[in-house]
Amino acid sequence: MNALLKRDLSFAALFTLLGTIAITIALTQDQFRQVWVFEPTRLQATFYTAWVAGLVLGAAVALRDRLQGVGDYVRQRPLSPLRLHAGRLLLTALVVVAWWVLAPLGSWLCEAIGGRLVSAGQPGRYWLLLATMAPAASAAALALLCASLPVVWWMQAVLATALLFVGFPACDAMASTSNYDDPLAYALAHFAFAAGLAALSCAFAGVERDPDRSWTRRVPRWATALVLAVGVAGGTLLLGLFTQGVLRSFADAYPLIGRVGDRYELLALEARSHSGPRRYRVVDAEHQPTGDLRSGEGVTDSYRPRIGWSRDPEIEPPNFRQADWRSGWAALRLDRHGFANCLLHDTVDWTSRFFVFGRGDATTPFDGRAHLVSLGTDGHASREVATFQSIVWVAEPGATEVFRFDPSTEQVRAVPLPGGDRIVDVVDQEQDDPRAVVGFTKPSTIVRGERAAYAFASDGLVPVVPAASAAIEAREAKRAARRAQNTEVRRETVVADVLCPTIRVVGRDGTALFEHAFAPRTTAERLAYAVAVLPSLVRAPVLQVAAHVFVGETSPTRASPFVDPVVAGGYRTWLVFAGFLCNGVLAFFSRRRLQRAGADARTLRFWTVAVTLLGLVAALLCEWFEPSRGWRVPAAGPKRAPRIRTAAVA
């Protein structure tokens with residue numbers, strides 16, 4: 001045991017050092033001000049580095065004995081397999097905790113050596129940083145579990161990918177609110193996910209891959225069910241991505257609705273040239289060509305049925321504060337609690353100070369729509385640069401006053417608008433903007449009131465006069481005409497079937513200008529339709545029923561790859577029954593194979609139900625987990641007499 005502990009210490013020190021360096025570099029890339037001064041929003045480099053480092057750590061801990069060739073030595077030690085696995089879990093946890101402690105210290109050390117923002121750093125931001133790095137624990141437990149499974153390596157990779165793309169978005173969904181991710185909920189979700197994976201991995205402690213032995217005779221039934229569910233999730237994910245490409249190709253088989261002059265027609269793309277305009281051929285309601293050609297320049301508006309979904313599975317960093325363009329990213333921000341955060345630089349001694357204030361005190365927050373600007377010594381208002389000599393202004397739409405913060409006195413004072421005016425909006429003004437003001441040669445921030453426009457001054461707001469320009473007015477008139485043309489008609493989806501939608505073009509007065517029910521009518525469209533519905537037959541029937549019953553008509557185009565849009569919304573009930581029939585046939589043949597192999601009744605029931613409900617992926621896992629020779633019992637023959645006999649001692 002001492003030898004194992006001594007070896008673990010050197011391994012832990014190596015990975016602690018490497019992981020700390022990697023995460024510290026990521027924190028440096030995310031910038032000290034984004035991590036420690038203002039509230040972290042989306043620390044992308046830190047997030048991706050943390051969970052990738054966790055994956056590498058978990059895989060290295062699980063495969064270390066196998067790669068070093070000391071697996072037999074470890075198994076011969078007087079320790080149970082569960083005790084050895086618990087040691088691996090403890091080692092992984094200690095390294096991850098060391099990353100959480102040492103990497104933030106490394107970030108502060110790097111800023112102390114080469115930066116100037118150490119004095120403005122907020123140690124309380126550590127808990128938000130810890131929530132961002134929490135996926136390192138769940139990723140390490142995930143890799144340790146999948147690398148410990150007694151299956152072939154490529155199946156371990158498939159299961160790890162499925163857990164990654166199912167577990168991480170699930171943790172993010174549990175922490176999501178209307179505007180941002182809750183840090184505490186996000187961290188607890190990943191910690192719970194890591195604890196569940198660690199507990200599941202204990203069920204496989206000491207179980208080696210053996211193609212001649214049955215899986216269910218060595219692994220608990222509940223663990224087999226969980227691995228089966230993960231495998232089905234991975235297979236559904238891959239099948240969903242394939243279905244997405246098939247449906248997008250199917251959309252190209254349909255004609256599009258195009259506006260030619262004052263009417264709408266069905267147009268099929270005839271030719272596409274890189275040097276010249278496109279050419280379209282007019283088709284009738286049965287999608288048959290009529291012989292008329294239309295140039296691409298004459299088609300002013302076109303619409304093709306939207307088939308498929310727009311959201312791909314992805315792993316995104318948490319967003320702990322809703323990004324808002326109204327607050328300056330470099331110096332001024334409004335945190336998620338509604339308080340103004342200001343990072344002000346002293347140009348005299350080159351130090352930085354951080355201020356947090358609200359409506360005159362530290363307990364009353366501003367409105368979530370508040371705008372923050374700083375007025376420099378040159379009289380120019382900005383959202384990006386602020387010094388200790390600047391005056392910070394906070395303006396809220398709908399208010400009759402603005403708030404003035406003086407860093408030298410750290411006091412907040414309310415300043416009413418002239419004449420009791422009310423703020424409508426706060427906008428950035430450029431020189432060529434039609435709302436620009438006379439006398440301002442630089443871009444400035446202007447407060448638009450109900451009666452007049454105002455600019456920031458040292459003590460309050462001063463009225464300004466909008467500039468007049470014929471060129472600017474002509475440009476605005478052209479933009480207004482374009483917007484009016486775009487809003488002249490609208491498109492409605494009458495039938496939200498993802499493969500056979502009905503599209504209607506409605507005018508401004510509500511009259512139907514054009515309507516067409518898309519359906520496969522030509523040979524190419526029918527062939528594409530058959531290819532589009534084919535992947536639904538091999539999906540898990542239980543997921544097909546859930547999508548068919550519980551997903552609404554307007555949801556398939558926004559669903560995830562785990563939802564089949566072909567049957568979602570109550571369409572194609574026959575396809576759901578056909579999927580049950582196909583998977584029932586698979587379950588029958590899987591049961592016959594296990595019966596011939598000599599499996600017990602409990603195993604037969606388990607895999608029959610699993611294949612019937614979960615489909616092709618469950619049938620494949622049954623083939624790999626239950627080899628035919630795994631249930632064979634050696635024939636009992638007559639015992640032979642011992643060939644060496646010991647004479648009785650007198």
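Please read all numbers here as calculations on a predicted model, not as lab measurements.
The two residues Val563 and Arg539 make their nearest non-hydrogen contact at C-NH1, 4.2 Å. Taking all atoms of both residues into account, the shortest heavy-atom contact from Ala131 to Pro183 is CB-O, 3.7 Å. In plain terms, the two heavy atoms of Ala223 and Phe204 that are nearest each other are CB-CZ, 3.9 Å. Nearest heavy atoms, Ala143 versus Ala59: CB-N, 3.5 Å. Scanning all heavy atoms of the two residues, the minimum distance from Leu129 to Pro104 falls at CD2-CG, 3.9 Å. The shortest non-hydrogen separation linking Val118 to Trp108 is O-CZ3, 3.6 Å.
Taking the side chain as every heavy atom from C-beta outward, Val166 and Leu237 never approach each other to under 4.5 Å. Within the 4.5 Å cutoff, no side-chain heavy atoms of Val576 are placed close to those of Pro541. Side-chain contact check for Val617 versus Thr236: every heavy-atom pair is 4.5 Å or farther apart. The side-chain heavy atoms of Ser138 and Trp51, taken from C-beta on, include no pair separated by under 4.5 Å. You'll find the side chain of Gln29 stays beyond 4.5 Å of the side chain of Thr46, heavy atoms only. The shortest side-chain heavy-atom distance between Arg591 and Trp607 does not fall under the 4.5 Å cut-off. At least one side-chain heavy atom of Leu145 sits under 4.5 Å from a side-chain heavy atom of Leu163. Contact check for Pro40 versus Gln34: no side-chain heavy atoms found under the 4.5 Å cut-off.
Between Arg593 and Glu623, at least one side-chain nitrogen of the basic residue sits less than 4.0 Å from a carboxylate oxygen of the acidic one, meeting the salt-bridge criterion.
Under the 3.5 Å distance criterion, the side-chain polar atoms of Ser590 are left unmatched by any main-chain donor or acceptor of Ala587. Looking at Trp99, its side chain does come within 3.5 Å of a backbone N or O of Phe15 through a donor-acceptor pair. Checking side-chain atoms of Arg125 against main-chain N and O of Val37 turns up a donor-acceptor pair under 3.5 Å. Remark: side-chain polar atoms of Asp181 are paired, donor with acceptor, to backbone N or O of Asn319 under 3.5 angstrom. Using modelled atom types, no side-chain atom of His548 and backbone atom of Gly569 make a donor-acceptor pair closer than 3.5 Å. Of the possible polar contacts, one joining the Arg572 side chain to the Val566 backbone as a donor-acceptor pair under 3.5 Å is found. Proximity of a side-chain donor or acceptor of Asp172 to a complementary backbone N or O of Phe168 within less than 3.5 Å is not detected. In terms of modelled atom types and a separation under 3.5 Å, the side chain of Gln156 and the main chain of Leu149 share a donor-acceptor contact. Between the Tyr126 side chain and the Val101 main chain, no donor and acceptor come within less than 3.5 Å of each other.
Within the model, atoms OG1 of Thr16 and CZ of Phe11 stand 9.5 Å from one another, a figure rounded to the nearest 0.5 Å. His190 NE2 to Thr132 OG1: the interatomic distance, rounded to the nearest 0.5 Å, is 10.0 Å. Note that CZ of Phe320 is 10.5 Å distant from CD of Glu39, once rounded to the nearest 0.5 Å. Expressed to the nearest 0.5 Å, how far CG of Asp30 lies from CH2 of Trp36 amounts to 12.0 Å. How far CG of Leu586 is from OG1 of Thr608: 12.0 Å, rounded to the nearest 0.5 Å. Atom CG of Asn341 and atom CG of Asp335 lie 4.5 Å apart (nearest 0.5 Å).
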Residues Leu43, Met133; criterion side chain to side chain contact (heavy atoms under 4.5 Å, CB included); working and verdict: CA-CA 10 Å; Leu43 304 179; Met133 296 189 298; over 6 Å; no
I would like to know whether Thr612 and Asn583 meet side chain to side chain contact (heavy atoms under 4.5 Å, CB included); could you show each step before the answer? CA-CA 5 Å; Thr612 302; Asn583 290 284; 5.8 Å; no
Are Val533 and Leu499 close enough, and set up right, to give a side chain to side chain contact (heavy atoms under 4.5 Å, CB included), and what steps lead you there? CA-CA 9 Å; Val533 301; Leu499 294 182; 3.8 Å; yes
Val227 and Trp222: side chain to side chain contact (heavy atoms under 4.5 Å, CB included), yes or no, with the steps? CA-CA 9 Å; Val227 174; Trp222 61 269; over 6 Å; no
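Residues Phe191 and Trp100 place their aromatic rings such that the two centres sit under 6.0 Å apart. You'll find the ring centres of Trp154 and Trp624 inside the 6.0 Å limit.
Within a 6.0 Å sphere centred on CZ of Phe242, heavy atoms belonging to other residues, nucleotides or ligands number 12 at most. In the displayed structure, Arg221 atom CZ is contacted under 6.0 Å by more than 12 heavy atoms of other residues, nucleotides or ligands.
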